[in-house]
Asker: 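There's a structure below that I have some questions on.
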Amino acid sequence: MPQKRWDVFCRVIDNYGDIGVTWRLARQLVAEHARETRLWVDDLESLERLCPDVDPRLAAQRVQGVDVRRWDAAAASAQPADVVVEGFGCELPAAYCASMAAAAGAGRAPAWINLEYLSAEEWVAGCHGLPSPHPQLGLMRHFFFPGFSAGTGGLLRERGLLEARDAYQGNPAAQAAFWQRIGIPPKARNEWRVSLFSYAKAPVQDLLAGLSAHPHPVRLIVPMGPSTMQVAEWLGMPAEPGAHGALGNLSASIVPFVEQPDYDRLLWGCDLNFVRGEDSFVRAQWAGRPLVWQIYPQSEGAHAAKLGEFLRRYCQGLHEPRRQSVERFMALWNGIAAGATADPLGLGTTGDWSFEEVWRGFAANQSALRLHAEEWAWRLAEGRDLAAQLVEFSGKVAEKPVK
Ligand code: TRH
């Protein structure tokens, strides 16, 4: 098999997005493409939270078929693989790059690919796949951009994911077993179940006020993270897994940070999911349920345009007033729109709306938004998945001359 050996490099900048994406990709390369994959990570503790099988004390270990390596000084002297994936411009060790150049000199140039962050912006399709020569080493690096449209690298999606989701969503016993395993009662008939994963700046207290005044019972599920403290303080409960609190129609439960496949089950079993960053954002879309995305904040507000571009795509086919309720609520959740006279999302939606008013509209439209979310997931799944595209792309890169 050509391009059989893969090295995936990941530097954990903060949180779980970088490792969340590269770990998912590495597993898929092994399970679906039979690639021998080494995952080099500089922070094994973060990986352990997504996958408790990982032992952070070990410099090398095989986990779910992936050769997991601690990215330390030893990485520099490793023999380069056939395909080298640099996660999010994480800068490969200089000595490793020199070995790649030596391999290229011997006619075995590795395919060197920089995996970029996901964005729904138009320019992504124009930059996906572009080469960039290394100034000194004579090696070519290629940029691979995930995305939502044809002409981009697509989204990570395991084979049979939507079918597995449908089977789970149609199986109350499997759902009840999962809820019990993470310490949550089974879902009551008229209950609205909501998951919350957000950054510290989200207006969580406003949301809690809205949920407690909801006309039907709501159960909020909060995996351990920044939102845990806000929820615990507001409801006067301990900020630890297993804690429960209630006010009005709201019951809230704090659960442990679950492993990645369980996080899918959590999203699949909720009626509305608050997600953030990149990987949980994509998983919430595959869940086929309404979502609220807190985008990773960037300097000078660059994230506002990115959120706007996603909403422009996501809201296509949604009629008023649903479209407006989605746009406005996500703008408020991201702290972008309140009191804005300009048009930060570029969607023609400006105004000075209250959280309470927008929330009520958003909550009232949930059944239509659910149908929309189901259709959105199937429409997205018509595109080829990221891992399959990356494998094909690596073959094309390998055929090209080095310079
Ligand atoms: O954690 P994030 O905010 O990560 C990032 C990083 O901050 C990164 O620097 C930034 O560039 C990027 O976002 C855009 O959000 P994300 O991407 O959703 O990653 C969270 C991962 O954690 C994802 O793989 C899902 C997983 N997860 C679990 O496995 N269990 C859980 O209980 C929860 C809440 C999440």
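Predicted, not measured: the structure shown is a model, and the values here were computed from it.
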Asker: Are W333 and F274 an aromatic pair, judged by ring center distance below 6.0 Å?
Answerer: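 Yes, ring centres under 6.0 Å apart.
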Asker: Is the positively charged end of R165 above the ring of W286, judged by distance under 6.0 angstrom from the centroid and angle within 45° of the axis?
Answerer: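 So R165 doesn't make the cation-pi contact.
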Asker: Relative to the ring of H372, is the ring of W376 parallel (under 30°), tilted (30 to 60°) or perpendicular (over 60°)?
Answerer: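 W376 and H372: parallel rings.
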Asker: Can you confirm whether or not the ring centre of F310 sits under 6.0 Å from the ring centre of F148?
Answerer: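 Between F310 and F148, the centre distance is under 6.0 Å.
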Asker: Return the NE2 to CZ distance between H216 and R189, rounded to the nearest 0.5 Å.
Answerer: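 Answer for the NE2-CZ pair, H216 versus R189, is 12.5 Å.
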Asker: Test side-chain contact (heavy atoms from CB on, under 4.5 Å) on Q136 and C97; report intermediate values, then the result.
Answerer: CA-CA 10 Å; Q136 286 92 37; C97 290; over 6 Å; no
Asker: Decide if atom CE of M229 counts as having more than 12 heavy atoms of other residues, nucleotides or ligands within a radius under 6.0 Å.
Answerer: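 It does not: M229 CE has 12 such atoms or fewer within range.
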Asker: Would you say R108 and P80 make side-chain contact, with heavy atoms under 4.5 Å?
Answerer: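 In short, these two side chains do not touch, never coming nearer than 4.5 Å.
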Asker: When you compare the side chains of R27 and Q260, does any donor N or O come within less than 3.5 Å of an acceptor on the partner?
Answerer: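 Looking only at side-chain atoms, Q260 and R27 do form a donor-acceptor pair, the distance falling under 3.5 Å.
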Asker: Between Y263 and D279, do the side chains contain a donor N or O and an acceptor N or O under 3.5 Å apart?
Answerer: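 The answer is no; no qualifying pair exists.
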Asker: Is it the case that more than 12 heavy atoms not belonging to Q64 sit under 6.0 Å from its CD atom?
Answerer: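 Yes, because the 6.0 Å sphere around CD of Q64 holds more than 12 heavy atoms from other groups.
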Asker: Around atom NZ of K4, are there more than 12 heavy atoms of other residues, nucleotides or ligands at under 6.0 Å?
Answerer: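 Yes, NZ of K4 has more than 12 neighbouring heavy atoms, counting only those of other groups under 6.0 Å.
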Asker: For residues Y168 and D264, is any side-chain donor paired with an opposing acceptor at under 3.5 Å?
Answerer: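 There is no such pair (donor and acceptor under 3.5 Å, judged by atom type) between the side chains of Y168 and D264.
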Asker: Counting C-beta onward and ignoring hydrogens, is there a side-chain heavy-atom pair between S394 and I113 closer than 4.5 Å?
Answerer: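 They are in contact (side-chain heavy atoms under 4.5 Å apart), so the answer is yes.
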Asker: Are the aromatic rings of Y117 and F145 close, with centres under 6.0 Å apart?
Answerer: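 Here the rings of F145 and Y117 have centres that are no less than 6.0 Å from each other.
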Asker: Are any of the side-chain heavy atoms of E121 and K306 separated by less than 4.5 Å?
Answerer: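 Yes, close enough: below the 4.5 Å cut-off.
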Asker: Does CD belonging to E163 count more than 12 external heavy atoms closer than 6.0 Å?
Answerer: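 Enclosed: over 12 neighbouring heavy atoms sit under 6.0 Å from CD of E163.
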Asker: Rounded to the nearest 0.5 Å, how far does CG of L272 lie from CG of L196?
Answerer: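 Those atoms lie 9.5 Å apart.
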Asker: Should F144 and L386 count as side-chain neighbours, where that means a heavy-atom distance under 4.5 Å?
Answerer: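 F144 reaches L386 side chain to side chain.
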Asker: What do the steps show when you test C127 against F143 for side-chain contact (heavy atoms from CB on, under 4.5 Å), and what is the final call?
Answerer: CA-CA 7 Å; C127 295; F143 290 92; over 6 Å; no
Asker: Do R283 and E158 pass the salt bridge (Lys or Arg N to Asp or Glu O under 4.0 Å) test, and can you show the C-alpha distance, the side-chain angles, and the key distance before you say yes or no?
Answerer: CA-CA 11 Å; R283 303 316 280 185; E158 295 83 357; 2.9 Å; yes
Asker: Could you check whether any side-chain heavy atom of L311 comes within less than 4.5 Å of a side-chain heavy atom of W293, counting everything from C-beta outward?
Answerer: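 No, their side chains stay 4.5 Å or more apart.
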Asker: Under the salt bridge (Lys or Arg N to Asp or Glu O under 4.0 Å) criterion, do R379 and E382 qualify, and how do the steps go?
Answerer: CA-CA 5 Å; R379 215 172 333 135; E382 286 167 9; over 6 Å; no
Asker: Do L208 and L220 have side chains that approach each other closer than 4.5 Å (heavy atoms only, starting at C-beta)?
Answerer: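 Contact flag for L208/L220 side chains = yes.
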Asker: Would the distance check show the side chain of Q294 and the main-chain N or O of Y199 forming a donor-acceptor pair, the cut-off being under 3.5 Å?
Answerer: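 Here the side-chain-to-backbone pair exists.
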Asker: For E259, look at atom CD and say whether over 12 heavy atoms of other residues, nucleotides or ligands are found less than 6.0 Å away.
Answerer: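 Enclosed: over 12 neighbouring heavy atoms sit under 6.0 Å from CD of E259.
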Asker: Given side chains that start at C-beta, do those of F9 and P93 come closer than 4.5 Å, heavy atoms only?
Answerer: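 Yes; the side chains approach each other to less than 4.5 Å.
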Asker: Do NZ/NE/NH1/NH2 and the carboxylate oxygens of E320 and R323 come within less than 4.0 Å?
Answerer: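 Counted as a salt bridge, because a side-chain N and a carboxylate O are separated by less than 4.0 Å.
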Asker: Taking R49 first and then E45, would you say they form a salt bridge - that is, a charged N and a carboxylate O separated by under 4.0 Å?
Answerer: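 Salt bridge absent between R49 and E45.
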Asker: Check K187, R193, R289, R219 against D271 for a side chain to side chain donor-acceptor pair (under 3.5 Å) and give me the one that passes.
Answerer: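 The single option meeting the side chain to side chain donor-acceptor pair (under 3.5 Å) with D271 is K187.
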Asker: If only atom types and distance count, is the side chain of N365 paired as donor or acceptor with the main-chain N or O of A368 below 3.5 Å?
Answerer: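 No, because the side chain of N365 does not come within donor-acceptor range (under 3.5 Å) of the backbone of A368.
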Asker: Does some side-chain heavy atom of F362 sit less than 4.5 Å from a side-chain heavy atom of V326?
Answerer: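 Contact flag for V326/F362 side chains = yes.
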